[in-house]
Amino acid sequence: MVPPPGSAVTLPPIGHCYGMADDPRFDERQVALAKASPEAFGPLYDRYFADVFRFVLRRAGDRELTADITQQCFLKALLSLSRYQDRGLPFRAWLFRIALNELRMHWRKRREVVIDLDYQRVRGLGEELELNPDPDEMQRLAAALSHLDEARAQLIQLRFMDGMSYLEVGQVLGIGEDAAKMRTHRALAVLRAYLSKRA
Amino acid sequence: MKHRYRITPQGSGPEPTDAEILRYRDKGRLLYNYQRARDLLHRRPIYRDPKAFFALLLIVLLAWLLSEGLLEGPHPDSGGSPVPEQSPPAPGQ
């Protein structure tokens, strides 16, 4: 839709791209176009920028740092777009995978990374583990999460804090849906064991 | 690298709104960085450029000749004044 002459031009809302909402093959077509011309990457960038930004922000905490990592993530995606093939891996999951790698690269020289979460973010996990949303229980949950190894903590984050389905978790981590489900249940079992020891 | 989780009522602060996130979206910068990265990736190495290759070769050759000349020093038969040999002192002197 072209705005009428003389009217104020406004930016399209985040995630909006003309005609994409009703087109399930939008990403596939746009990726094919962007492989030939990088300018065609714009609609994909507009569509997923906010999703990737929020995904990174939940881990990085700082907005400026998040903006840099998000930008770097899209740059990496654009540079390696020729290698992307839509074999059941949605473009969004591919972007999240790149974002996780970028975060890991950013943190690689640190001895410890602190991840801040609010009660709302861990509500689903708290319910799963039958914990009350009070400070003591949340302290115990934080200690239990910190006790997990990186791979398990990542599964828990993707499933309960990013609210992804097992299929999406598997797509981001490059494993099958069943494997994602099984590993998440194992991670939950480790959390329960840790929490029961310190009850 | 160890991950430590901290759970507080406010977390790391309120979630940014769409308008706040929009401020960080910069398609121009992305395409500029992409062009720069591509130029760097596809830059022809210096040894592939014939002129630069011969210039490098000349520099290496000159450096080699100079180092050879300096390390060997003057040849004994080249007419330079020979260093007199010192005979060991006779016994009893």
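Proteins get letters first, then strands, A, B, ... in listed order; numbering begins at 1 in each. Because the structure is predicted, anything quoted here is derived from the model rather than measured.
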B:Arg36 atom CZ, over 12 foreign heavy atoms within 6.0 Å: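 At most 12 heavy atoms, drawn from other residues, nucleotides or ligands, come within 6.0 Å of this atom.
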
Taking atom CD as the centre, does B:Gln10 end up with more than 12 heavy-atom neighbours from other residues, nucleotides or ligands that are less than 6.0 angstrom away?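 Atom CD in B:Gln10 is crowded, with more than 12 foreign heavy atoms closer than 6.0 Å.
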
Between B:Tyr24 and A:Glu64, does any side-chain donor sit less than 3.5 Å from a side-chain acceptor?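 Side-chain D/A pair, B:Tyr24 to A:Glu64: present.
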
Find the distance between [atom1] ([X]) and [atom2] ([Y]) and round it off to the nearest 0.5 Å.
{"X": "A:Leu75", "Y": "B:Arg38", "atom1": "CG", "atom2": "CZ", "value": "11.5 Å"}
{"X": "B:Glu15", "Y": "A:Arg58", "atom1": "CD", "atom2": "CZ", "value": "6.0 Å"}
{"X": "A:Arg121", "Y": "B:Ser12", "atom1": "CZ", "atom2": "OG", "value": "8.5 Å"}
{"X": "A:Asp149", "Y": "B:His3", "atom1": "CG", "atom2": "NE2", "value": "11.0 Å"}
{"X": "B:Lys2", "Y": "A:His147", "atom1": "NZ", "atom2": "NE2", "value": "8.5 Å"}
{"X": "A:Phe49", "Y": "B:Leu22", "atom1": "CZ", "atom2": "CG", "value": "8.5 Å"}

Which residues in residues 172-179 of chain A have any heavy atom closer than 4.5 Å to a heavy atom of chain B? none

Chain B-proximal positions within residues 105-119 of chain A [heavy-atom distance under 4.5 Å]: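 The residues closer than 4.5 Å to chain B, in numerical order, are A:Trp107, A:Arg110, A:Arg111, A:Glu112, A:Val113, A:Val114, A:Ile115, A:Asp116, A:Leu117, A:Asp118, A:Tyr119.
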
With side chains defined as the heavy atoms from C-beta onward, is the minimum distance between A:Gln157 and B:Tyr5 less than 4.5 Å? yes

Hey, are the side chains of B:Ile7 and A:Gln139 touching, using non-hydrogen atoms and a 4.5 Å cut-off? no

Toward chain B, the part of A:Phe53 with a non-hydrogen atom under 4.5 Å: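 The side chain, not the backbone.
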
Which region of B:Arg23, side chain (C-beta onward) or backbone (N, CA, C, O), has a non-hydrogen atom less than 4.5 Å from a non-hydrogen atom of chain A, or is it both or neither?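 Contact with chain A: none, neither part.
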
Name the region of B:Leu31, side chain, backbone, both or neither, that has any atom closer than 4.5 Å to a heavy atom of chain A.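 When you check distances to chain A, only side chain atoms of B:Leu31 fall under 4.5 Å.
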
Taking B:Pro9, B:Ala37, B:Gly13 one by one, which has the highest count of heavy-atom pairs under 4.5 Å against chain A?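 Ranked by heavy-atom pairs under 4.5 Å with chain A, first place is B:Pro9.
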
Who wins among A:Ala144, A:Ala143, A:Ala153, A:Ala142 for the most heavy-atom pairs under 4.5 Å with chain B? A:Ala142

For each of A:Gln120, A:Met138, A:Gln72, A:Arg104, tally heavy-atom pairs with chain B at distances under 4.5 Å, and name the one with the top tally.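 Most heavy-atom pairs within the cutoff with chain B belong to A:Met138.
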
Regarding A:Glu39 and B:Lys27, does a basic nitrogen lie under 4.0 Å from an acidic carboxylate oxygen? no

A:Arg63/B:Glu20 salt bridge by N-O under 4.0 Å criterion: yes

So B:Ile21 and A:Arg54, side chain to side chain contact (heavy atoms under 4.5 Å, CB included) or not? Walk me through it. CA-CA 9 Å; B:Ile21 295 177; A:Arg54 289 199 171 95; 3.6 Å; yes

